[in-house]
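Along the sequence shown, the residues carry numbers beginning at 1.
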Amino acid sequence: MKLNKREKAYQRQYLQQICHTTMDPRQPGVVRVHLVPPRQGETDTPYLVILNGQEILPLTFSWAVVLSSFIRHLNKYDGQKIPEDAYGPLIRDTALDVRKVYPFHRLSLFEKDLSRIIDTLVRVARGQQPNEEIAPISIFDYAEHMRAPHRMDLMVSAMTDGSGRWHCNQRCVHCYAAGQPLAGRKELSTDEWKRIIDKCKDACIAQLTFTGGEPTMRSDLPELVRHAGFFMTRLNTNGILLTEDLCARLDDASLDSAQVTLYSSDREIHERLVGAPHFDDTMNGIKNALKTGINLSVNTPLCSLNRDYVKTLGALMDTGVQYFTCSGLIPTGNADTDGSRSLALEKPELLGILTEAFRFCADNGLELSFTTPGLFTDEELAAAGATQAPTCGACLSNMAVAPDGEIVPCQSWLNESLGNMLTDSFDAVWDSPRCKEIRAVSASRQLICQLDARKGEDHP
């Protein structure tokens with residue numbers, strides 16, 4: 001599609017960078033919208049709308065003009081709750097703006113199109129059936145048009161403090177970061193992380209996850225989350241330091257969600273696997289987050305010691321948790337040592353545990369995802385009750401920044417740097433031969449974790 005002069009001018013001014021807004025229209029329920037452009041110069045490629053950091057919808061250029069204009073007008077409210085009677089004028093102002101690009105179309109047509117867009121986004125974000133027919137789009141097919149991953153994991157806290165001393169309040173048997181060369185570098189300052197957050201926005205990234213190490217060990221975490229208000233933000237934590245006060249400050253900073261790792265509802269099993277006597281602290285952290293209203297999920301890496309996973313699901317359900325993830329073991333860090341490997345479940349037993357867990361969640365209205373690619377076929381997972389098979393997303397859907405600013409393919413892949421977020425151009429990193437190589441494997445719907453697939457290879 002060849003753009004006319006007005007479209008080119010609008011694209012240069014408004015559609016070169018990611019656009020974002022938060023909608024709270026008509027009903028309770030927040031709708032976070034990120035409009036992500038394709039590679040510069042592409043005009044036949046759809047724009048992507050990412051809703052609440054989860055759903056991905058394609059949008060033509062003309063509809064991107066309509067939505068981006070609406071986003072600009074909506075953002076004049078700057079986070080305030082928008083009165084019901086304000087939407088009519090907002091839609092009218094947007095239509096007048098769009099007519100400057102398409103002067104020969106009726107205002108009523110733009111108003112109708114915008115109303116359809118808003119209704120569709122709200123319905124999809126809230127899990128409702130949209131009135132419009134939406135052509136599906138796959139991130140695998142769209143990979144060559146992407147300017148950046150949709151999510152960047154920021155490892156704001158290191159596993160060691162730079163001098164080799166332990167810098168986490170647990171010593172998990174299966175810790176992926178432990179022993180990895182880029183997980184023990186000296187941590188960056190608050191201002192340096194803010195610069196990285198700003199560069200993530202410039203790179204057209206929509207989501208940020210604060211992880212580590214243990215990110216809650218940084219006193220500036222709420223400040224960093226607040227600085228990242230443009231993004232969908234998530235916190236990965238062991239929950240030990242999620243006090244009522246910290247949860248309140250994170251919520252006030254507009255943290256979108258948190259994921260707490262709990263190995264078992266059995267105190268002895270959990271504390272053996274995390275290497276620290278903090279079961280009560282983690283459980284209190286889960287309860288504090290729920291009490292504050294933070295959107296919470298609980299993650300459990302499965303092994304032979306916590307095979308009674310359904311018991312843990314039931315105990316957490318009783319506290320109010322509704323969202324769960326679980327995984328096998330990724331062979332990296334401490335999980336690539338004899339102590340961890342000796343606890344790994346055989347595939348038939350793990351599949352049986354998953355089948356029981358998916359059945360329990362379906363019977364109790366809970367949501368469960370299995371996140372380790374490559375362990376099972378699509379057919380095996382579907383038979384177990386999973387709705388989607390996990391795939392490797394390294395250098396495609398996600399990447400990570402190590403504690404010293406080094407860019408790595410994913411947060412578990414900490415022995416290979418692709419560049420530095422503070423000193424290098426992210427575009428240059430994204431288009432580097434090595435990053436493209438990893439992305440191409442992910443885009444091929446790689447069903448096995450690339451860390452597992454590359455065992456024995458030597459990549460500097």
Criterion salt bridge (Lys or Arg N to Asp or Glu O under 4.0 Å) on K194 and E223, from CA distance to verdict: CA-CA 9 Å; K194 286 182 177 180; E223 182 180 353; 2.7 Å; yes
Please walk me through it: do V156 and T211 pass side chain to side chain contact (heavy atoms under 4.5 Å, CB included)? CA-CA 6 Å; V156 296; T211 183; over 6 Å; no
Can R147 and D431 be said to form a salt bridge (Lys or Arg N to Asp or Glu O under 4.0 Å), step by step? CA-CA 9 Å; R147 293 175 58 176; D431 288 327; over 6 Å; no
Determine, step by step, whether H167 and E214 satisfy the side-chain hydrogen bond (donor to acceptor under 3.5 Å, both in side chains) criterion, reporting the C-alpha distance in whole Å, the side-chain angles of both residues, the deciding distance to 0.1 Å, and the verdict. CA-CA 8 Å; H167 196 223; E214 176 47 49; over 6 Å; no
Between T22 and R32, does a side-chain hydrogen bond (donor to acceptor under 3.5 Å, both in side chains) hold up when you go through it step by step? CA-CA 5 Å; T22 300; R32 299 287 301 275; 2.9 Å; yes
L255 and N295: CA distance, side-chain angles, deciding distance, side chain to side chain contact (heavy atoms under 4.5 Å, CB included) verdict: CA-CA 9 Å; L255 179 71; N295 188 346; over 6 Å; no
Take T190 and D220 through the test side-chain hydrogen bond (donor to acceptor under 3.5 Å, both in side chains) and record every step on the way to the result. CA-CA 7 Å; T190 302; D220 61 355; 2.5 Å; yes
Evaluation steps, side chain to side chain contact (heavy atoms under 4.5 Å, CB included), between L235 and T216: CA-CA 9 Å; L235 170 67; T216 59; 4.1 Å; yes
Under the side chain to side chain contact (heavy atoms under 4.5 Å, CB included) rule, what do F376 and F370 come out as? Steps first, then yes or no, please. CA-CA 10 Å; F376 304 106; F370 179 69; 4.0 Å; yes
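Here the straight-line distance linking atom CD of Q170 with atom CG of L273 works out to 10.0 Å at 0.5 Å rounding. Here Y14 contributes atom OH and S68 contributes atom OG; the two are 9.0 Å apart, rounded to the nearest 0.5 Å. Atom-to-atom distance recorded for S264:OG and L305:CG is 9.0 Å, nearest 0.5 angstrom. One finds the CE atom of M217 at 7.0 Å from the CG atom of L241 (value rounded to the nearest 0.5 Å). Between Q17 atom CD and L35 atom CG the span is 11.5 Å, to the nearest 0.5 Å. In this structure, the separation between CH2 on W193 and NE2 on H227 is 12.5 Å, given to the nearest 0.5 Å.
Taking the six-membered ring where the residue is Trp, the centroids of H34 and F230 are separated by under 6.0 Å.
When every heavy atom of S254 is checked against every heavy atom of T233, the shortest pair comes out as O-OG1, 3.6 Å. In terms of heavy-atom proximity, I294 sits nearest to C247 at CD1-O, 3.8 Å. The minimum heavy-atom distance linking F279 with E271 is given by the pair N-OE2, 3.1 Å. Contact record, Y176 with G328: OH-O, 3.5 Å, taken as the closest heavy-atom pair. Heavy atoms only, all atoms of each residue included: V408 and S417 are closest at CG1-CA, 4.5 Å. In terms of heavy-atom proximity, V298 sits nearest to I286 at CG2-CD1, 4.1 Å.
When side chains are defined from C-beta on, L188 counts as touching L422, because their heavy atoms get closer than 4.5 Å. In this structure the side chain of N75 never reaches within 4.5 angstrom of the side chain of R72, judged on heavy atoms. Q180 is not listed as a side-chain neighbour of W413, based on a closest heavy-atom distance of 4.5 Å or more. Counting heavy atoms from C-beta on, the side chains of L375 and L350 come closer than 4.5 Å. In this structure the side chain of L59 never reaches within 4.5 angstrom of the side chain of P46, judged on heavy atoms. Side chains of Y263 and H174 form a contact here, defined as non-hydrogen atoms less than 4.5 Å apart. Under the 4.5 Å side-chain criterion, counting only non-hydrogen atoms from C-beta, T237 is not in contact with F210. For the pair T209 and M152, the minimum side-chain heavy-atom distance is 4.5 Å or more.
With hydrogens and angles disregarded, a donor-acceptor distance shorter than 3.5 Å links the side chain of R307 to the backbone of S304. With hydrogens and angles ignored, the 3.5 Å screen pairs a side-chain donor or acceptor of S442 with a backbone N or O of A394. In this structure, the side chain of D256 does not engage the main chain of R234 through any donor-acceptor pair within 3.5 Å. T45 contributes no side-chain N or O that, together with a main-chain N or O of E42, makes up a donor-acceptor pair within less than 3.5 Å. Within the 3.5 Å criterion, the main-chain N or O of I269 finds a donor-acceptor partner in the side chain of D266. Using modelled atom types, one side-chain atom of T282 and one backbone atom of N238 make a donor-acceptor pair closer than 3.5 Å. Under a 3.5 Å cut-off, the side chain of S138 and the backbone N or O of F140 do form a donor-acceptor pair. The backbone N or O of E132 sits nowhere less than 3.5 Å from a side-chain atom of D119 that would complete a donor-acceptor pair. Remark: the backbone N or O of L366 is not paired with any side-chain donor or acceptor of N364 at under 3.5 angstrom. Under the 3.5 Å distance criterion, the side-chain polar atoms of D404 are left unmatched by any main-chain donor or acceptor of K186.
Summarising the local packing, NZ of K311 is surrounded by 12 or fewer heavy atoms from other residues, nucleotides or ligands at distances under 6.0 Å. Within a 6.0 Å sphere centred on NZ of K201, heavy atoms belonging to other residues, nucleotides or ligands number 12 at most.
Ion pairing between E416 and R434 holds under the 4.0 Å rule for side-chain N and carboxylate O. Remark: E380 does not engage K347 in a salt bridge, criterion side-chain N to carboxylate O under 4.0 Å.
In this structure, R116 forms no cation-pi arrangement with W63, as its terminal cationic atom is not both closer than 6.0 Å to the ring centre and no more than 45° off the ring axis.
Of the N and O atoms on the side chains of D251 and T292, not one donor lies less than 3.5 Å from an acceptor on the other residue.
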